[in-house]
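Numbers here simply count residues along the sequence, with the first being 1.
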Amino acid sequence: MSSVFLKEYAVLVIGAGHAGCEAALASARMGVPTLLMTQNLDTIGQMSCNPSIGGLGKGQLVMEIDAMGGEMARNTDRTGLQFRLLNTGKGSAVWSPRAQCDKKLYQLTMKWVVEDTQYLDLVQDEAKEILVNNGRIYAILTKRGITYRAKKFILTTGTFLNGMTHYGLSAFPAGRAGCQSSTFSNALADIGFKLDRYKTGTPMRINSRSIDFSHLDEQPGDIEPTCFSYRSMFNVKHQKKDHERTDRLFFDENGWSKYPQSTSFQQLPCWLTWTNDNTHEVIRGNLDKSPLYSGKIKSIGPRYCPSIEDKVVKFPDKHKHQVFLEPEGYMTKEYYVNGLFTSLPEDVQYKIVKTIPGLENSEIVRPGYAVEYDLCQPTQLMHTLQTKMHDNLYFAGQINGTTGYEEAAGQGFVAGVNAALSYLEREPFILGRDEAYLGVLIDDLVTKGTDEPYRMFTSRAEYRIHLRWNSTDIRLLPYGHRFGLIPDNIFKLFEAYRDCIASERVPDGDIGPWSRGKIEQSIEINTKYKGYINRETRDIERMRKAEHVKIPSDFKYPSVPGLLTESRQKLEKVRPVTLGQAKRIPGVTPTDVQILWVFIEKSRMSRN
């Protein structure tokens, strides 16, 4: 097919979900000409599943993106309809913010931000082929026959690669309900990438007029909402105890934000109910109609977000499971039925919900379904999210085997920054496990790979006292300033704020977007956990010694005598860049690491 060439870009991002938006915004805000390509401009930043942002481990990711100059946190604060700080009954290391969002407002506001960003172009088209010359990717050919040339490419394809949706025993190609799937994974296989296949799912949506709320337990938001972004301020002075209204304002480098938003909002409650033995009986009686249990779906789903079929089968002694009803927006009556992820036929879904207190007369407006999709094993990536086979190609989001908006957005930000840095011929950006949950996530992916959809939890981080939710700006904002994503005037205010924390000095008032109350809270937590923080600091220093031992990219593992065969094979597959990363590869023993260390040191000394 003949093609038409229109324009060349520095960075081309394919896919405009949460990863794609962060990648494109980061690249463009660094002054690099960027193109964002998507099948449908009306679904930029769409919340395909849960209408919420944050949660355990995930909330920390969102705040880390924000500290470095990303967008998800601000967009959540602009469009949230309920805010809660989770785990406050435990230590502050595992406190996590979460927000229910107005689903459409989130999407439309993110679209407005993307459209308003300098150096960022958008196009509605679908990538079809990867064009390679002399072993190097130079362009993307689209279904319309247009050739888009670029220096760097970022793939953020979500669940669209050969996506197949399942409603009971009926299945058809789709990346999500109402959206066509993409055959672009064929192009990836053609240039040598190893593909796997995962599945995820979503529950039904119910019209609220058919819900009997008198039989449900109300779950209100916090009286004093917790912002995700340090650049957002909630004015709670006039907040009423019944959660009627709260003012919210947004701070940017020029003063108050220019982006459209509500100046005040009403927090909407979520609601709690439970399944019961009758529910479970319906499910057990219809497992032959489930694509999961009939053998139609063979791919692996998320362990920590299981279908209701899985819960009933795998936990037969449990007589009830939680079901949360979450509003999807101010201007819709749709409720998301969190806890009833299912791909059973629609008629069975009706039977299920009618057994649940408060949902006996429910009207399902969108049935639940499962979606299978292709991904590339993340061990094919560097810590920059650059692929090992092609140094100008980056992957971010579910293509790397993760699940969740927050995990995708974090990867998108890192990929966008690194693509821009590479184009600008600057040093790459790599986060350590001791610096950010995002560093933990990426290191886990590229070092260990994943045999199921990866979800972030606080338990995955060995240094979570250092990585607590309210220290993200202290840890990471200097990176954003280095990249040009945090302006000088904000950074000067940050330095004053950081000095107050370090000297344990409470100022007379706020310091720019950092409130006096936040400074007091940070000092109090630092004092309370000082012993634990100091112990973690010593552990981090020991870990960094191994991270400083670099392994050459062309290192010959077969030449190392004494390594176990399994260790040698796994080291060859992952090709770690440091001894610290080698230690974290599953199956590589401490003895093998010690042998490797001695051999590296001997090789280094012989070269010198």
Using every non-hydrogen atom in the two residues, find where Leu56 and Ser96 come nearest and quote the distance to one decimal. CA-OG, 3.4 Å
So, using ring-ring contact (aromatic ring centres under 6.0 Å, His included) as the criterion, who are the partners of Tyr479 when residues are at least two apart? Phe429
Measuring from Ile14:CD1 to Ile130:CD1, what's the distance to the nearest 0.5 Å? 7.0 Å
Without hydrogens or angle criteria, can the side chains of Ser52 and Arg98 be said to hold a donor-acceptor pair below 3.5 Å? yes
Nearest heavy-atom contact between Tyr106 and Thr79 is CD1-OG1, 3.4 Å
Ile399 vs Tyr373 side-chain heavy atoms within contact, under 4.5 Å: no
Just by distance, no angles: are the side chains of Thr402 and Asn400 close enough, under 3.5 Å, to form a donor-acceptor pair? no
Can you list the residues that meet the salt bridge (Lys or Arg N to Asp or Glu O under 4.0 Å) rule with Arg475, with sequence neighbours excluded? Glu64
Heavy-atom closest pair, residues Ile154 and Ala415: CD1-O, 3.7 Å
Taking the side chain as every heavy atom from C-beta outward, state whether Asn470 and Lys518 have any atom pair closer than 4.5 Å. yes
Any heavy-atom pair between the side chains of Thr147 and Ile140 that's under 4.5 Å? no
Short side-chain donor-acceptor distance under 3.5 Å, Thr447 and Gln581: yes
Is it the case that the side chain of Thr578 and the backbone of His548 share a donor-acceptor pair, with hydrogens and angles ignored and the cut-off at 3.5 Å? no
Do Arg538 and Glu541 sit within salt-bridge range, that is, some charged N less than 4.0 Å from a carboxylate O? no
Spacing of CE belonging to Met47 relative to SG belonging to Cys101, to within rounding of 0.5 Å: 4.5 Å
N/O donor-acceptor pairs under 3.5 Å from side chains in residues 493-500, not counting sequence neighbours:
unit_1	atom_1	unit_2	atom_2	d
Tyr497	OH	Asp473	OD1	3.4
Tyr497	OH	Asp473	OD2	3.4

Show your reasoning for whether side-chain contact (heavy atoms from CB on, under 4.5 Å) applies to Thr226 and Phe83. CA-CA 7 Å; Thr226 298; Phe83 293 80; 5.8 Å; no
Any side-chain donor paired with an acceptor under 3.5 Å for Arg176 and Ser48? yes
Can you list everything that forms a ring-ring contact (aromatic ring centres under 6.0 Å, His included) with His481? Sequence neighbours excluded, please. Phe491
Can you pull the side chain to side chain donor-acceptor pair (under 3.5 Å) pairs that have at least one residue in residues 416-428, sequence neighbours excluded? Lys152-Ser422
May I ask you to check whether His466 and Thr537 show a side-chain donor-acceptor distance below 3.5 Å? yes
Tyr454 and Asp444: side chain donor to acceptor below 3.5 Å: yes
What's the spacing between Glu572 CD and Tyr557 OH if we round to 0.5 Å? 7.5 Å
Quick one: are Glu406 and Met456 in side-chain contact, heavy atoms under 4.5 Å? no
Test item: side-chain donor near acceptor, Asn162 and Ser185, under 3.5 Å: yes
Just wondering, do Gln39 and Gln124 contact through their side chains at under 4.5 Å, heavy atoms? no
In this structure, is the centre-to-centre distance between the rings of Phe193 and Phe395 below 6.0 Å? yes
Anything under 3.5 Å between a donor and an acceptor, one on a side chain of residues 4-13, the other on a protein residue two or more places apart or in another chain? List them.
unit_1	atom_1	unit_2	atom_2	d
Lys7	NZ	Asp121	OD2	3.2
Glu8	OE2	Lys151	NZ	3.4
Tyr9	OH	Asp121	OD2	2.7

Assess, by modelled atom type and distance only, whether the side chains of Ser515 and Asp510 contain a donor and an acceptor separated by less than 3.5 Å. no
